[in-house]
Amino acid sequence: MLPSSWMNADLHCHSSVSDGTLTPEALAARAKANGVELWALTDHDEIGGQQRARDAALALGLPYLTGTEISVSFVGITVHIVGLGFDADDAALKAGLAATRGGRRERALEMSDSLAKAGIPGSFEGALKYVGNPDLISRTHFARYLVEAGVCADTSEVFRRFLTEGKPGFVPHRWASLRDAVRWISDAGGAAVIAHPARYKFTANEEHALFTEFKAHGGLGVEVVTGSHSAAEAVRYGEAALEYGLAASRGSDFHSPGESHTDLGALPELPGTLTPVWDVLQNRIQRPQ
Ligand code: AMP
Ligand code: MN
Ligand code: MN
Ligand code: MN
């Protein structure tokens, strides 16, 4: 038998229930067609698409783990914590996610005001045209509108010129605490995983604090192979997984065809020296009958 690190698991992607453009059903079909063998939909701060994703995956013969990606503020920087394999009916998790989503509309109105001051009017209404879930208006929806309006050529250019710290359209926001996010996930029977660690602009001390505190709160894993990591970054965070005693996860972070560089399932294998997070979650995997 092959070691399970060879499995084509894709445990990070987004549907139109958050800031992806495909429905949960279309994503399940795309994952299956791309050879994914274990799948999780991880919408931002939202589990409203879980039932649809699970039903579509199991109907296609594709094993499924529940998922979400929680926005967290840690030492003033936004960090994403992926939750996998939790009970999607857990009341505390649902309340925590609702609270985390809560301020997004007001934040979006402030982002729109800031862009208007920079000479770009009407971006709130413009972004709303791309929103599939009125509770989940995100920077990605603004980015799509700025491309449509001809302000930028693509969404990467938007995030270089707008919507990020120090640029027009950026509005600081207080998300969930690291402790709460990890506990909501683990108390609901799931595994908390640090998403795309190479993306954060932490000092070495801050990164050490993130990993140490995450682990102390009960966090179990870290993304090593992701659409956001170069090969060198995957090596670096594979070493961090071993150093901190964390399992390793793998996920494309796919949002949209034509927008995302990494398609569902189109990722390097997890290094065989690491413990795959799906080994830890064996009894949480939902399998086709
Ligand atoms: P929000 O949760 O509203 O702050 O939006 C965060 C989302 O914006 C992320 O999940 C990505 O989908 C997108 N995003 C952030 N930074 C970038 C970037 N540099 N390039 C492309 N998309 C980005
Ligand atoms: Mn996103
Ligand atoms: Mn993320
Ligand atoms: Mn993501």
Side-chain angles (χ1 to χ4, degrees), residues 10-22 27 39-47 49 67-74 76-84 97 100-112 114-115 123-124 127-128 130-147 152-167 169-176 181 192-201 210 222-223 225-229 237 249-264 267:
D10 192 331
L11 305 181
H12 189 152
C13 69
H14 300 273
S15 78
S16 48
V17 174
S18 65
D19 62 348
T21 60
L22 302 182
L27 283 170
W39 180 53
L41 169 66
T42 56
D43 279 312
H44 296 284
D45 308 325
E46 175 64 275
I47 55 174
T68 187
E69 182 177 20
I70 304 181
S71 312
V72 160
S73 296
F74 183 78
I77 289 176
T78 299
V79 169
H80 286 169
I81 301 295
V82 163
L84 298 169
L97 292 174
T100 307
R101 287 193 296 274
R104 278 185 176 269
R105 188 183 164 86
E106 287 67 32
R107 170 190 185 233
L109 288 164
E110 288 180 47
M111 286 165 61
S112 182
S114 165
L115 287 169
S123 64
F124 180 75
L128 269 189
Y130 293 93
V131 169
N133 171 0
D135 278 355
L136 218 121
I137 175 160
S138 91
R139 286 186 290 160
T140 314
H141 302 112
F142 279 83
R144 292 191 183 123
Y145 173 67
L146 293 187
V147 173
C152 294
D154 55 33
T155 54
S156 307
E157 186 188 338
V158 175
F159 285 101
R160 281 196 303 275
R161 292 176 50 204
F162 300 95
L163 310 181
T164 48
E165 194 145 7
K167 309 283 166 64
F170 179 72
V171 174
H173 194 74
R174 174 72 77 89
W175 302 106
V193 172
I194 299 173
H196 42 63
R199 284 247 304 264
Y200 313 123
K201 295 186 174 71
L210 171 70
V222 57
E223 284 186 346
V225 174
T226 112
S228 300
H229 283 179
Y237 288 98
S249 193
R250 179 179 187 267
S252 58
D253 208 357
F254 180 79
H255 282 70
S256 175
E259 231 175 65
S260 300
H261 301 298
T262 306
D263 205 338
L264 283 163
L267 292 157

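On a predicted model such as this, the values are computed, not experimentally measured, just so you know. Atoms within each ligand, like the ligands themselves, are counted from 1 in listed order. These numbers come from the heavy atoms of this one structure, side chains and all, not from hydrogens, waters or symmetry mates.
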Going by distance only, is there an N or O of [X] that falls short of 3.5 Å from an N or O of ligand 1?
X	value
Thr155	no
Ser156	no
His255	yes

Angle at the Mn ion (ligand 4) (to 10°), with one arm to NE2 of His12 and the other to NE2 of His14: 100°
Identity and distance of the protein heavy atom lying nearest atom 8 (O) of ligand 1: Thr140 OG1, 3.2 Å
Which residue and heavy atom of the protein sit nearest atom 21 (C) of ligand 1, plus the separation: Phe159 CD1, 3.4 Å
Shortest reach to atom 5 (O) of ligand 1 by a heavy atom, considering only Arg139, Met111, His261: Arg139
Per atom 1 (P) of ligand 1, closest listed option by heavy atom (His44, Arg101, Arg107): Arg107
Audit row: Ser73, Arg174, side chain to side chain donor-acceptor pair (under 3.5 Å) steps and yes/no: CA-CA 6 Å; Ser73 296; Arg174 174 72 77 89; 5.2 Å; no
Atom of Asp253 closest to the Mn ion (ligand 4), considering N, O or S atoms: OD1
Stepwise salt bridge (Lys or Arg N to Asp or Glu O under 4.0 Å) test for Arg144 and Glu259: CA-CA 10 Å; Arg144 292 191 183 123; Glu259 231 175 65; 2.7 Å; yes
Thr164, portion touching ligand 1 at heavy-atom distance under 4.0 Å: neither
Flag for Asp10-Ser252: side-chain donor and acceptor within less than 3.5 Å: yes
salt_bridge(Arg101, Glu46) N-O dist < 4.0 Å: yes
Candidates His80, His255, His141 - the one meeting ring-ring contact (aromatic ring centres under 6.0 Å, His included) with His14: His255
OE2 (Glu69) - the Mn ion (ligand 3) - NE2 (His196) angle, nearest 10°: 100°
Under 2.8 Å: N/O/S of His80 next to the Mn ion (ligand 3): yes
Result of checking Thr140, Thr21, Thr155 against Ser256 for side chain to side chain donor-acceptor pair (under 3.5 Å): Thr21
Any Arg104 heavy atom less than 4.0 Å to ligand 1: yes
Over 12 non-hydrogen atoms of neighbours within 6.0 angstrom of NE2 in His173: yes
Among Val82, Leu84, Val222, the one residue meeting side-chain contact (heavy atoms from CB on, under 4.5 Å) with Ser249: Leu84
Numbered atoms of ligand 1 (with element) below 4.0 Å of Asp19, judged on heavy atoms: 7 (C), 10 (O), 12 (O)
Those atoms of ligand 1 less than 4.0 Å from some heavy atom in Ser138: 3 (O)
Nearest non-hydrogen partners of Ile47 and Gly67, listed with the distance: CG2-O, 3.9 Å
Smallest separation among heavy atoms of Met111 and Arg139, with atom names: CE-CG, 3.6 Å
